[in-house]
Amino acid sequence: MSDLAKDAWRKYLIQLQAHPLRTKAITAGVLAGCSDAIAQKISGVKRIQFRRLFLLMLYGLCYGGPFGHFFHKLMDAIFKGKKGNTTVAKKVLLEQLTSSPWNNFLFMSYYGLVVEGRPWKLVKHKVGKDYRSIQLTAWKFWPVVGWINYQYVPLQFRVLFGSFIASCWGIFLNLKARSAVIKNA
């Protein structure tokens, strides 16, 4: 690792220690923005849609990072001091039955209402039509991520890990949405 990268990582860790909520929120916002920029480029957009990118960064900053911060603290409190595969399985199950459905619903609603600027009636219809498929796909992917996160990632890095994986998930969802548009054209 270069000296520049080592120094940046050291400074990041200092900020994470001193200001965990703020650091996780900013990290989630930046990763959401990077994810959207990559997704836009992959999907063939000629010019980056900065409004969309900004609104997704705002989602990561104001919701994704803070939600992850408090959710993982809550999970740690619920399972205080408990380790092992059974505890990890319980954490993953609880996460998949609570925050996963909520986060997918909220993101789909935010994207339709705020990012795309559609009226609630259209967003409600789209969420009703696509939610089940997205949630079922999420349940095939995110439990593995959750297992790795709870089994191997220290508490202070769980939001960073989750935000990074969520960036990849966002690219996947964007490509899936694009393929549906192409198929319907």
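These numbers come from a predicted model, not from an experiment. These numbers come from the heavy atoms of this one structure, side chains and all, not from hydrogens, waters or symmetry mates.
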- Shared hydrophobic cluster for L21 and V153 (ILVMFWY, side-chain gaps under 4.5 Å): no
- Given the rule that I, L, V, M, F, W and Y join up when any side-chain heavy atoms are under 4.5 Å apart, are I134 and F105 in one cluster? yes
- Query: Does L4 CG have over 12 foreign heavy atoms under 6.0 Å away?
  - Reply: no
- Item | Contact summary for Q135 and N104, nearest pair of heavy atoms | OE1-ND2, 2.9 Å
- Check whether any side-chain heavy atom of L56 sits under 4.5 Å from a side-chain heavy atom of V115, and report yes or no. yes
- How far apart are the closest heavy atoms of V45 and R47, and which atoms are they? CG1-O, 2.7 Å
- Query: Can you find a heavy atom in the side chain of L160 that is under 4.5 Å from one in the side chain of T23?
  - Reply: no
- Tell me, with the steps shown, if M108 and V123 meet side chain to side chain contact (heavy atoms under 4.5 Å, CB included). CA-CA 8 Å; M108 291 174 74; V123 172; over 6 Å; no
- Message: Can you confirm whether S109 sits close enough to V127 that some side-chain heavy atom of one is under 4.5 Å from a side-chain heavy atom of the other?
- Response: yes
- Atom of P66, atom of G60 and distance for their closest heavy-atom approach: CD-O, 3.9 Å
- Would you say the side chain of P20 lies within less than 4.5 Å of the side chain of H69, judging by non-hydrogen atoms? yes
- Out of curiosity, K83 NZ to Q151 CD, how far, rounded to the nearest 0.5 Å? 9.5 Å
- Task: Establish whether Y152 and I165 are linked, either directly or via other cluster members, by ILVMFWY side-chain heavy-atom contacts under 4.5 Å.
- Result: yes
- Side-chain contact, heavy-atom cut-off 4.5 Å: F67 with L106? no
- Is the backbone N or O of Q40 less than 3.5 Å from a side-chain atom of S43, with the two atoms forming a donor-acceptor pair by type? yes
- Message: Strictly below 4.0 Å, N to O, side chains only: are K73 and D76 in salt-bridge contact?
- Response: no
- Does V145 reach the side chain of F161, with side-chain heavy atoms less than 4.5 Å apart? yes
- What's the verdict on side-chain hydrogen bond (donor to acceptor under 3.5 Å, both in side chains) for Y150 and T87, showing C-alpha distance, side-chain angles and the deciding distance? CA-CA 9 Å; Y150 291 119; T87 299; over 6 Å; no
- Any side-chain heavy-atom pair of S35 and W169 under 4.5 Å: no
- Task: Of all the heavy-atom pairs spanning I48 and L53, show the shortest one and how long it is.
- Result: CG2-CD1, 4.1 Å
- Spatial distance of atom CD1 (I78) from atom CG (L74) [nearest 0.5 Å]: 4.0 Å
- Are W142 and E95 side-chain neighbours, meaning at least one heavy-atom pair lies under 4.5 Å? no
- Spell out, yes or no, whether V114 and W120 are grouped together once hydrophobic residues are joined by side-chain heavy atoms under 4.5 Å, including indirect joins. yes
- Message: Quick check: is W139 connected to W147 through a chain of hydrophobic side chains (ILVMFWY, heavy atoms under 4.5 Å apart)?
- Response: no
- Item | Rounded distance (nearest 0.5 Å) linking atom CG of L13 with atom CH2 of W9 | 5.0 Å
- Item | Within 6.0 Å of CZ in F50, more than 12 heavy atoms from elsewhere | no
- Query: Can you list every side chain to side chain donor-acceptor pair (under 3.5 Å) pair that touches residues 53-65, not counting sequence neighbours?
  - Reply: Y63-W102, Y63-N103
- Item | Inter-residue atom distance R52.CZ - Y111.OH, 0.5 Å rounding | 3.5 Å
- Query: If you draw a 6.0 Å radius around CZ in F141, do more than 12 non-hydrogen atoms from other residues or ligands fall strictly inside?
  - Reply: yes
- Rounded distance [0.5 Å steps], NE2 in H19 versus CD1 in I14: 10.5 Å
- Specify the closest pair of heavy atoms between M57 and G33, including all atoms of both residues, with the distance to one decimal. CG-CA, 3.3 Å
- Message: Which heavy atom of S167 sits nearest to which heavy atom of L31, and what is that distance?
- Response: OG-O, 3.1 Å
- Note on the structure: Here the gap from E116 atom CD to Y110 atom OH, rounded to the nearest 0.5 Å, amounts to 12.0 Å
- Message: Are there over 12 heavy-atom neighbours, none belonging to F164, within less than 6.0 Å of that residue's CZ?
- Response: no
- Can Q156 and Q17 be said to form a side chain to side chain contact (heavy atoms under 4.5 Å, CB included), step by step? CA-CA 8 Å; Q156 71 268 26; Q17 184 71 34; over 6 Å; no
